[in-house]
> 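What follows is a structure written as structure tokens; I'll ask about it next.
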Amino acid sequence: MRVMLSADMEGATGVTAPADVEPGTEEWRRFRRMLTGDVNAAVDGLYAGGATEVVVNEAHATQRNVLIEELDPRASMITGRHKPLAMMQGVQDADAVVFLGYHTGAGERGVLAHTYVWSGLQQLRINGAPASEGRMNALLAAELGVPVVLVTGDDLTCAEAESYAPDAERVTVKFCVSRYAARCLAPSRTAALIREAAERALPAAAGRVPPRPDGPFRFDVDLSATHLAEFVTVIPGVELTAPRTVTYTLPTMIEAVRCFRAVTTIVGAAKETVFD
Ligand SMILES: [Zn+2]
């Protein structure tokens, strides 16, 4: 079994503050080691559970967070940005995927909840239902016939994962108190929990193929300011459907996710520092 492990950072052990996940800060330097610990625990468990290859795909910010010098040598790592499938690069070559360090979506409760951009985007809906990165990525994986076998993050991320990946193992590494506070388990404890769940994950998923989601996929994106929504309509097919909402519909998830990346890249570029 070949496994792609998508490693985000907001849902990693101990992480609760924006500075913890902002590349270059003192806190980020500390917490990238914590993220690497979560990754290695999962890699160890996946191999114990029958994985033949584990590819870690960095999914956070600059996508250069995991410390390769500390990476389990059995794994390889896709590091660096501007990848065609971003958080899900490598899913095309995998038999199973892991969402590690994931978080809830913009507008939801949860530690460091957001969707792709930290501010400016208030909610994403896919075919009318609120969607986090986890839900979006699980739909993409399902379109390719690849099951999600393990999700780690805060308790609310794990609760949400039950709805989009009901058969996946889930590991709560912290319990949300507010968007910027959590009751966190110690790294030694979360490593043991992640390792045990990862070892169970592949045998539990054997022979399981997720149902292919039916397209087309309508994405509604609520933004925080009118100029952001108006500017995003430079993308062909993206229409303004309310003063702060843009909408587009595409036949497959691969196309819809790629368009969402274009939308969020433009939002990131068009935000002002004092106003949105
Ligand atoms: Zn994320």
Side-chain angles (χ1 to χ4, degrees), residues 4-23 25 27-28 31-32 34-36 38-39 42 56-66 77-83 85-91 97-126 130-141 148 150-161 164-165 168 170-174 176 179-180 182 219 221-223 253 256-258 260-265 267-268 271:
M4 188 277 272
L5 187 158
S6 172
D8 207 348
M9 194 166 185
E10 286 84 357
T13 296
V15 164
T16 63
D20 298 349
V21 295
E22 193 177 345
T25 68
E27 291 86 346
W28 170 79
F31 282 102
R32 62 190 302 209
M34 217 76 82
L35 169 64
T36 305
D38 287 4
V39 166
V56 177
N57 177 43
E58 294 230 34
H60 175 74
T62 57
Q63 293 143 57
R64 295 177 57 80
N65 307 285
V66 175
M77 189 168 113
I78 304 170
T79 184
R81 62 197 303 193
H82 309 309
K83 300 169 289 195
L85 285 180
M87 301 181 81
M88 291 296 278
Q89 188 68 27
V91 66
V97 290
V98 170
F99 294 165
L100 182 136
Y102 269 44
H103 51 84
T104 52
E108 303 295 326
R109 290 198 74 246
V111 177
L112 297 172
H114 71 285
T115 305
Y116 266 50
V117 282
W118 287 333
S119 64
L121 193 156
Q122 296 186 324
Q123 189 180 57
L124 162 68
R125 291 178 297 284
I126 300 177
S132 62
E133 292 164 16
R135 188 177 298 277
M136 175 169 55
N137 293 345
L139 280 167
L140 174 60
V148 181
L150 169 65
V151 179
T152 78
D154 71 3
D155 54 333
L156 300 176
T157 301
C158 290
E160 193 213 1
Y164 66 71
R170 296 178 293 277
V171 177
T172 295
V173 302
K174 56 196 168 190
C176 176
R179 196 178 182 208
Y180 302 120
F219 277 43
V221 187
D222 295 339
L223 301 167
M253 276 303 293
V257 168
R258 293 176 69 133
F260 185 66
R261 288 187 60 214
V263 168
T264 52
T265 299
V267 168
K271 273 190 301 181

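Note that the coordinates shown come from a computational prediction; the quantities given were computed from them, not determined experimentally. In listed order, ligands and their atoms are each counted from 1.
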> With the Zn ion (ligand 1) as the reference point, give the N/O/S atom of Asp8 that is nearest.
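Considering only N, O and S atoms, Asp8 comes nearest to the Zn ion (ligand 1) through OD2.
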> Test your reading of the model: is there a side-chain donor-acceptor pair from Glu10 to the backbone of Ala113, 3.5 Å cut-off?
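It does not hold such a pair.
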> From Glu133, does some N, O or S atom reach closer than 2.8 Å to the Zn ion (ligand 1)?
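Yes, Glu133 qualifies, because one of its backbone or side-chain N, O or S atoms lies under 2.8 Å.
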> Looking at Gln63, is its backbone amide N or carbonyl O close enough to the side chain of Thr79 to form a donor-acceptor pair, meaning the two atoms are under 3.5 Å apart?
yes
> State whether His103 contributes an N/O/S atom found under 2.8 Å from the Zn ion (ligand 1).
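Coordinating: yes.
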> Regarding Glu160 and Ser132, do their side chains bring together a donor and an acceptor under 3.5 Å, going by distance alone?
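Yes, side-chain donor-acceptor contact under 3.5 Å.
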> Return yes if some donor-acceptor pair links the side-chain N/O of Thr115 with the main-chain N/O of Ala106 below 3.5 Å, else return no.
yes
